[in-house]
Amino acid sequence: MSIEVPARVSPVARAVSDAGILAWRSLKRIPRTPDMLIYATIQPIMFVLLFAYVFGNAIPIPGFPGPRAYREFLMAGIFAQTMAFAVASASVGLADDMSKGLIDRFRSLPMARSGVIAGRVVGDLVFNAFVMLIMVLCGFIVGWRWHNGFGQALAAFAILLLFAFAMLWVGALIGLSVGGPEVAASAGLIWLFPLTFLSNAFVPTPQLPSALQPVAEWNPISSIVAACRHLFGNPSPFASPDGFPAQHPVWLSLIWCAAIIAIFAPLAVRKYRSATGH
């Protein structure tokens, strides 16, 4: 009588399996806490309404007259800002798990340490994809449209989700580095506000002070926004039309996303290992 020995599972397959299980755990909490979804969508909707109807007429778009031009200019900025703010969900979620001792329970299980962090990141990414869908509907309501076809629009949304994925790794590192969810909420967002407003998200870079224009155009958020405007066919004025950010916005956005992931994903996994004693 022969005994079958189960085939050994590769470390990569185990990490993917663990990440999928923990991502599903993260997503299952959303129906139980609908207020999380409500508050996650209220802020970007408020930004759309405030900038489109309060500031829109006061911010002209060079070469594109009319209030609708600003609304089409605005929406890519709102999309990128919303995906950047995904940092907070990852940082607060992981800090909360750490404070409740849930990470210590994971440590006692035969789980891949990268799978624990990746599960949170993937779960939050799916959640942010749903939030982005709501933002798209809001954009249609205020008059935003894409003009380069559905395929290029999908490419723009893919870049936005890739950016959210990159920023979630930043949030994971912050959540594992701070003392609790209250600190994580502040640490995850306080540095994003100057980064967002010192970009082309809400104001065309030609209208910024000349000393800030190069900084704004090379800003990672500006790169994501410019790539989306390029793919959507929306107005996208540059202070330096012949510069690399203006000529290659899609490539620059991909470079920024790859760099952020390459730096912060290993740091987050390493921080998890040191925080849990793995």
Side-chain angles (χ1 to χ4, degrees), residues 23 26-27 30 36-37 39-48 51 72-94 118 120-140 144 146 152-175 184-185 187-202 216 219-232 234 236 249-250 252-265 268:
S26 179
L27 291 171
I30 297 174
M36 181 173 68
L37 180 60
Y39 287 112
T41 55
I42 282 178
Q43 178 175 293
I45 289 174
M46 287 178 58
F47 269 103
V48 171
F51 277 89
E72 295 207 340
F73 170 87
L74 170 70
M75 287 310 301
I78 295 291
F79 293 149
Q81 182 198 52
T82 304
M83 296 300 101
F85 281 12
V87 165
S89 62
S91 61
V92 172
L94 278 169
R120 161 65 66 174
V121 168
V122 172
D124 288 342
L125 181 65
V126 175
F127 174 73
N128 279 278
F130 183 73
V131 172
M132 187 168 65
L133 176 61
I134 295 175
M135 292 298 95
V136 170
L137 297 176
C138 182
F140 281 134
W144 168 76
W146 63 66
Q152 292 204 46
L154 280 181
F157 293 130
I159 289 174
L160 287 165
L161 290 176
L162 179 63
F163 181 57
F165 181 74
M167 298 302 287
L168 284 166
W169 284 107
V170 179
L173 178 62
I174 293 172
L189 288 178
I190 192 168
W191 57 275
L192 269 177
F193 282 101
L195 189 68
T196 302
F197 285 96
L198 189 58
S199 73
N200 63 1
F202 305 118
N219 185 325
I221 291 181
S222 293
S223 301
I224 303 299
V225 174
C228 292
R229 287 175 182 152
H230 172 76
L231 293 168
F232 288 141
N234 295 152
S236 185
V250 175
L252 185 57
S253 68
L254 295 176
I255 290 169
W256 270 117
C257 290
I260 293 169
I261 295 169
I263 293 170
F264 286 95

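As the structure is a computational prediction, the values presented were derived from the model and not from experiment. Count residues from 1 along the sequence.
Minimum heavy-atom separation, A84 to L192: O-CD1, 3.3 Å. The shortest non-hydrogen separation linking A227 to S253 is CB-OG, 3.6 Å. In plain terms, the two heavy atoms of L74 and V48 that are nearest each other are CD2-O, 3.9 Å. Here the closest heavy-atom approach between residue A153 and residue W146 is recorded as CB-CD2, 3.6 Å.
In this structure, N219 contributes its side chain and L198 its backbone to a donor-acceptor pair below 3.5 Å.
Legend: residues meeting ring pair (Phe, Tyr, Trp, His ring centres under 6.0 Å) with F264, ordered by chain and number and at least two apart, are absent.
To the nearest 0.5 Å, the span separating CG on L168 from CD1 on I174 amounts to 11.0 Å. From L231, atom CG reaches atom CZ of R229 across 12.5 Å, with rounding to the nearest 0.5 Å. We find the CD1-CG distance between I224 and L252 to be 8.0 Å, quoted to the nearest 0.5 Å. In this structure, CE on M46 lies 11.0 Å from CD1 on I78, to the nearest 0.5 angstrom. To the nearest 0.5 Å, atom CD1 of residue I134 and atom CE of residue M132 are 11.5 Å apart. Taking CG of L195 as the reference point, atom OG of S222 lies at 8.0 Å (rounded to 0.5 Å).
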**OP:** Report the C-alpha distance between F85 and T196 in whole Å, list the side-chain angles of each, state the deciding distance to 0.1 Å, and finish with yes or no for side chain to side chain contact (heavy atoms under 4.5 Å, CB included).
**Re:** CA-CA 10 Å; F85 281 12; T196 302; 4.1 Å; yes
Original post:
side chain to side chain contact (heavy atoms under 4.5 Å, CB included) between I221 and W256: does it pass, once the steps are laid out?
Top reply: CA-CA 9 Å; I221 291 181; W256 270 117; over 6 Å; no
Original post:
Can you list the steps and then say if F232 with F73 is a ring pair (Phe, Tyr, Trp, His ring centres under 6.0 Å)?
Top reply: CA-CA 10 Å; F232 288 141; F73 170 87; over 10 Å; no
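Under a cut-off of 6.0 angstrom, the local environment of CD1 in I190 is sparse, with at most 12 non-hydrogen atoms contributed by other residues, nucleotides or ligands.
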Which pairs of donor and acceptor atoms, one on a side chain in residues 155-167, lie under 3.5 Å apart (sequence neighbours left out)?
none

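Between M135 and the choices F79, F130, W144, the side-chain contact (heavy atoms from CB on, under 4.5 Å) rule is met once, by F79.
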